[in-house]
Amino acid sequence: MQLQNAISQSISQALEALFGLTVDASAISLQPTRKEFAGSFTFVTFPYTKQAGKGPEQIGEALGAYLKEHAAEVKNYNVVKGFLNLEIEEEVWVRLFRELMTNPSHGQATDSGKKVMVEYSSPNTNKPLHLGHLRNNFLGYSVSEIMKANGHDVMKANLVNDRGIHICKSMLAYQKMGNGETPESSGIKGDHLAGKYYVLFDKAYKEQIDELVAQGMDKEEAKKKAPLILEAQTMLQKWEQGDEEVVSLWKTMNGWVYEGFDATYRNIGVDFDKFYYESETYTLGKERVEEGLQKGVFFKKPDGSVWVDLTDEGLDEKLLLRSDGTSVYITQDMGTAELKHNDFPYDQSIYVVADEQNYHFQVLKAVLKKLGKPYAEGIYHLSYGMVDLPSGKMKSREGTVVDADELVQEMIDTARQQTEELGKIEGFTPEEATKLYHTLAMGALKYFLLKVDPKKRMLFNPQESIDFRGNTGPFVQYTHARISAILRKAGEMGIAVDAASFSDFNNLHEAEQEVITLLVNYPEVVQEAGKLYAPSVIANYAYELAKAYNRFYQEISIFNETDEQARNFRIALSAMVARFVRESMSLLGIEVPERM
RNA sequence: GGCCCUGUAGUUCAAUGGAUAGAAUAGGAGUUUCCUAAACUCUAGAUUCAGGUUCGAUUCCUGACAGGGCCA
């Protein structure tokens, strides 16, 4: 921000004037002053002791005195050990506040000219979404919004895994046991219906295995020889040959699943600009293999399989094409990377995929680099950890999966219950109340999943995690609702929110100054979040802002203030907090209510 | 066996190499003639271990230990 730059400049000049040191202003780092000391910015003198030939405290004192004298922004200073704390003139804060008030694009970067593709969600069409998918979806959506705020042109893509043996399993079970059941006839949401048959398949398959083992067959062999799995494999072959009956069933069942996914996506508030289907892309990539062979960067083994040697990158040799000419996952991904780049010539391609695929993406990037693809450099794997339950890892086969739709519904029920207990729905129409419960439920859930560093495995405890107090989404939402009440009242009183209404105001409370500092900092936070692909940075910011405001709200009265300018300023300050709470939360995909 | 990720209060999470390691929750004590107490204030409590680099290490490096993942 400008203020920091100005101070860095002054420090640079001071170092030159006092000690004859030439230090570029951009190399001078300022940090926010810790709460227990007076001041807003802190300059650390230790790194300059040798060059200056003075002790840290001496340097601090000399710099502080010089800055107080020469830098208009600096009101006062104090030196603790080697830390120079600088206090800023109050009118500087008020001026900065007025500037951001009248700047509608504070926090929205100008067009960067860069294209960024974000692939996320990417579900299988054989079962409904679960808690892990929610982390993925929220991350993908939020990172997309953060990239937009950083001025990039963003395309959100979803690569649907709609083919393969897992779908055939559901289809086969449906053929055998479905009796023509449909989402309409059963009242079961399409994706859940497909999931039901996937589970049925697995159960029957297991029984067959047990039977074979009981007859004396080795377990591994039984897994391969069970009639059901053989049938499923036959079905996959038929699908690949375009068998009419199989393809028709596949289309029908996938159609149900898409309707189900659509409903879930709408409910959780995520969307996509483009869908890719693996059924359309799974044959791609073989041309890339051919290209690599011609360029001599891939090699063929005697059995005809194609490999790439990545040992120079610290990776292994990797299979790219089987000896029978069929492709593997990495082959397909090479193809889709090219396809995506043709569709949308990205500078950066972000893949939001779980961390079990870390190695896979290292390989993908390395292989594309070997092929000399310029877009390889822009590939970034946004890797995230599993969501664990208190009982351990989620396992679909053991029925310990937290279903996304059910979880959202539970959150909504909890929101309703809590709101009713607190007696907060007075004056709400039923529609407004329903909307509020949804907003709160999604706020709690999204915030909970996004406030944590994506890399980390996280624990989801259904009892403890659904909290509406403390460092949570609803806490931030509550702050917005409180401010909205203030703004409504100000409106009724005919007080307009504008900078002119407090033109002579200058006397800031500490709590007010803290809030302004946070507001002024918002664009940097957005930048930081973009650089790190980290919604958690935004979540922390929103929390800090809400917390700082609540302190102000508690300590300082607005409408009892007799000084009109001070009152107007506080209303304006409140309005700006509401604005940036709203903006930062929207980067997380979270809505904020007017009342709650 | 090789490679990758993660180890911080009882618990769930923070901390561009900087000060006395922050929050939340659970525990203890308070705040309502006043704009929404889903709030605020106070209190107690933690860096897995051993080396190294540095004026300074939760952070960087090496090695253990623990948890998780990937590749055969």
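In what follows, every chain begins at residue 1, and chains take the letters A, B, ... in the order their sequences are listed.
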I want to check a possible cation-pi pair here: A/Lys489 against A/Phe559, using under 6.0 Å from ring centre and within 45° of the ring axis as the test. yes
Taking pairing as Watson-Crick or G-U wobble with both contacts under 3.5 Å, can you name the mate of B/G2, or confirm there isn't one? B/C70
Rounded to whole angstrom, note down the C1' distance from B/A38 over to B/U25. 14 Å
Please measure how far the P atom in B/U62 lies from the corresponding atom in B/C70, and state the result in whole Å. 24 Å
Any sub-3.5 Å donor-acceptor pair from A/His480's side-chain atoms to A/Gln477's backbone N or O? no
Go through B/G18, B/C13, B/C40 for me and flag the one nearest to the A/Leu459 side chain. B/C13
Report yes if a donor N or O on one partner sits less than 3.5 Å from an acceptor N or O on the other, where the partners are the side chain of A/Lys424 and the base of B/U36; otherwise report no. yes
Kindly indicate whether the side chain of A/Asn85 and the base of B/A19 share any N or O donor-acceptor pair separated by less than 3.5 Å? yes
Suppose we define a pair by two distances each less than 3.5 Å, Watson-Crick or G-U wobble; what does B/U8 pair with here? none
Does A/Thr42 get its side chain close enough to the base of B/A19, under 3.5 Å, for a donor-acceptor pair? yes
Distance between C1' atoms of B/A64 and B/A21 (Å, rounded): 25 Å
In the structure shown, which nucleotide is the Watson-Crick or G-U wobble counterpart of B/A46, with both distances under 3.5 Å? none
Give none if B/C40 has no partner; otherwise give the nucleotide forming a Watson-Crick or G-U wobble pair with it, both distances under 3.5 Å. B/G30
For A/Thr439 and A/Glu591, indicate whether the former's side chain and the latter's backbone hold a donor-acceptor pair under 3.5 Å. no
Report the nucleotide, chosen from B/A19, B/A39, B/U36, that has the shortest atom-to-atom distance to any side-chain atom of A/Gln554. B/A39
When you measure from the side chain of A/Tyr543, which nucleotide among B/C70, B/C35, B/A23 comes out closest? B/A23
Per atom distances to the A/Lys81 side chain, the nearest of B/U6, B/A24, B/A19 is B/A19
